[in-house]
2 protein chains.
Amino acid sequence: MEQDFLQLLRDAGLHVTKTRRMLLDVLAHDHGPHTVEQLFIDLQGSLDRVTIYRSLASFEKLGFVRRCDFGDGTARFELAMTHHHHVMCRVCHRVESVHECVLDGFEDSIRKKGYTDITHTLEFFAICARCQ
Amino acid sequence: MEQDFLQLLRDAGLHVTKTRRMLLDVLAHDHGPHTVEQLFIDLQGSLDRVTIYRSLASFEKLGFVRRCDFGDGTARFELAMTHHHHVMCRVCHRVESVHECVLDGFEDSIRKKGYTDITHTLEFFAICARCQ
DNA sequence: GTTCGTGCAAATCATTTGCAGATAG
DNA sequence: CTATCTGCAAATGATTTGCACGAAC
């Protein structure tokens, strides 16, 4: 899988650097989503935060990284797997994935209003079992 | 309606000031959601941005203003009406409301994982008819 | 009068940009 | 060798905080 991503980079005329391999490694081994700060720490400060931002931006543009927004002022990033959503615990901020999605009917109703190219973001907030 | 909000302020031991009335007026007359910058402009710079932030924070705590996040780095605020979602045009950034919500089943499946106090944010992004 | 609200300046935090040297193809 | 990368420093933009004065109760 990581090989495919490296190929996508090459195809786009971008370089396959040690830095980008390290980043992809972390993303592939821990599904996340990760903040830039977490990635910085996971990589033990060996990459500049700026470099992390820039690499993630490239990965996102190539479509294999997705940015998630939980409204707390900090973006989170994960490898773009099958479409899914998240639940974040309001207490410990741990994030779990939710793979069901029943929003197709929703998008239909928006399409009827004349919109095209519809996408959505959906995040849940709750208190997890541990934190009750 | 605005009267109810003013009463909520009093009940919370907060003051009913000219400033807060002006803000509520704008919020009540234009459903929004509004950025702080838009509110600042609508009020012709007569309120400091800081004051707008602080008042909105109070209103949000009292529960009659809701913060929406479209992932563009700028919070938006609206009077908390019945539960609903939004579609934002990716081109003109105009926001329209979507009143259907079919997520109860979704929340059930999260409840089964042991979570409580579940809420969600759901925003749609699309290209509106005007912008095709 | 006491408490809360407001404006101004300054701080903070996430993120972006500019630039010169380092590295991949 | 040439284009892309990277780190560092500095800029940006949204939001928050500290403080002294002014307005509500």
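Only heavy atoms go into these numbers, but all of them, side chains included; no hydrogens, no water, no symmetry mates.
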Whether Phe106(A) and His85(B) hold their rings parallel, tilted or perpendicular, with breakpoints at 30° and 60° =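 Ring orientation of Phe106(A) relative to His85(B): perpendicular.
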Determine the interplanar angle of the Phe70(A) and Phe125(A) rings, folded into 0 to 90°, and report it as parallel if under 30°, tilted if 30 to 60°, perpendicular if over 60°.
-> perpendicular
Please walk me through it: do Leu79(B) and His31(B) pass side-chain contact (heavy atoms from CB on, under 4.5 Å)?
-> CA-CA 7 Å; Leu79(B) 285 187; His31(B) 161 266; over 6 Å; no
Report yes or no: do Met81(A) and Leu39(A) belong to one cluster of Ile/Leu/Val/Met/Phe/Trp/Tyr joined by side chain heavy-atom distances under 4.5 Å?
-> yes
Do Met88(B) and Val91(B) share a hydrophobic cluster, counting only Ile, Leu, Val, Met, Phe, Trp and Tyr and linking them when any side-chain heavy atoms are less than 4.5 Å apart?
->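 No: no chain of side-chain contacts under 4.5 Å links Met88(B) to Val91(B).
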Assess whether atom CD of Gln132(A) is packed by more than 12 heavy atoms of other residues, nucleotides or ligands within 6.0 Å.
-> yes
In this structure, are over 12 heavy atoms from other groups packed under 6.0 Å from Lys61(A) atom NZ?
->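 No, NZ of Lys61(A) has 12 or fewer neighbouring heavy atoms, counting only those of other groups under 6.0 Å.
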Near DNA chain C, under 4.0 Å by heavy atom, which residues of residues 66-80 of chain A?
->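 Only Gly73(A), Thr74(A), Ala75(A) qualify.
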Assert yes or no for the condition that the ring centre distance of Phe124(A) to His120(B) is strictly below 6.0 Å.
->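 Ring centroids of Phe124(A) and His120(B) are less than 6.0 Å from each other.
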Geometric cation-pi criterion, Arg49(A) with Phe40(A): 6.0 Å, 45° = yes
Show your reasoning for whether side-chain contact (heavy atoms from CB on, under 4.5 Å) applies to Leu14(B) and Leu8(B).
-> CA-CA 9 Å; Leu14(B) 301 181; Leu8(B) 284 171; over 6 Å; no
Closest approach of Ile118(A) to Glu107(A) (non-hydrogen atoms, all atoms of both residues) =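 Taking every non-hydrogen atom into account, CD1-O, 3.5 Å.
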Least distance between heavy atoms, Leu62(A) atom then Ala12(A) atom =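 Between these two residues, the closest heavy atoms are CD2-CB, 3.7 Å.
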Earliest and latest nucleotide of DNA chain C, 5' to 3', sitting under 4.0 Å from a non-hydrogen atom of chain A?
->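 Extent of the interface on DNA chain C: dA14(C) to dG25(C).
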Positions of residues 8-27 of chain A (non-hydrogen atom under 4.0 Å from DNA chain D), listed by number | Gly13(A), Leu14(A), His15(A), Thr17(A), Thr19(A), Arg20(A)
Looking at residues 40-56 of chain A, who's got a heavy atom less than 4.0 Å off DNA chain D?
->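 Contacts with DNA chain D under 4.0 Å: Ser46(A), Leu47(A), Asp48(A), Val50(A), Thr51(A), Arg54(A), Ser55(A).
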Among all residues two or more places apart in sequence or in another chain, which pass the ring-ring contact (aromatic ring centres under 6.0 Å, His included) test with His15(A)?
-> none
May I have the step-by-step check of side-chain contact (heavy atoms from CB on, under 4.5 Å) for Leu43(A) and Leu23(A), ending in yes or no?
-> CA-CA 8 Å; Leu43(A) 293 161; Leu23(A) 240 185; 4.2 Å; yes
In degrees, rounded to 10°, what is the bend between the two ends of the helix from dT12(C)-dA14(D) to dG25(C)-dC1(D), using five pairs at each?
->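 What I find for the helix from dT12(C)-dA14(D) to dG25(C)-dC1(D) is an axis angle of 20°.
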Run the numbers on Arg76(B) and Arg67(B) for side-chain contact (heavy atoms from CB on, under 4.5 Å), then give the verdict.
-> CA-CA 6 Å; Arg76(B) 284 171 175 73; Arg67(B) 173 189 306 256; over 6 Å; no
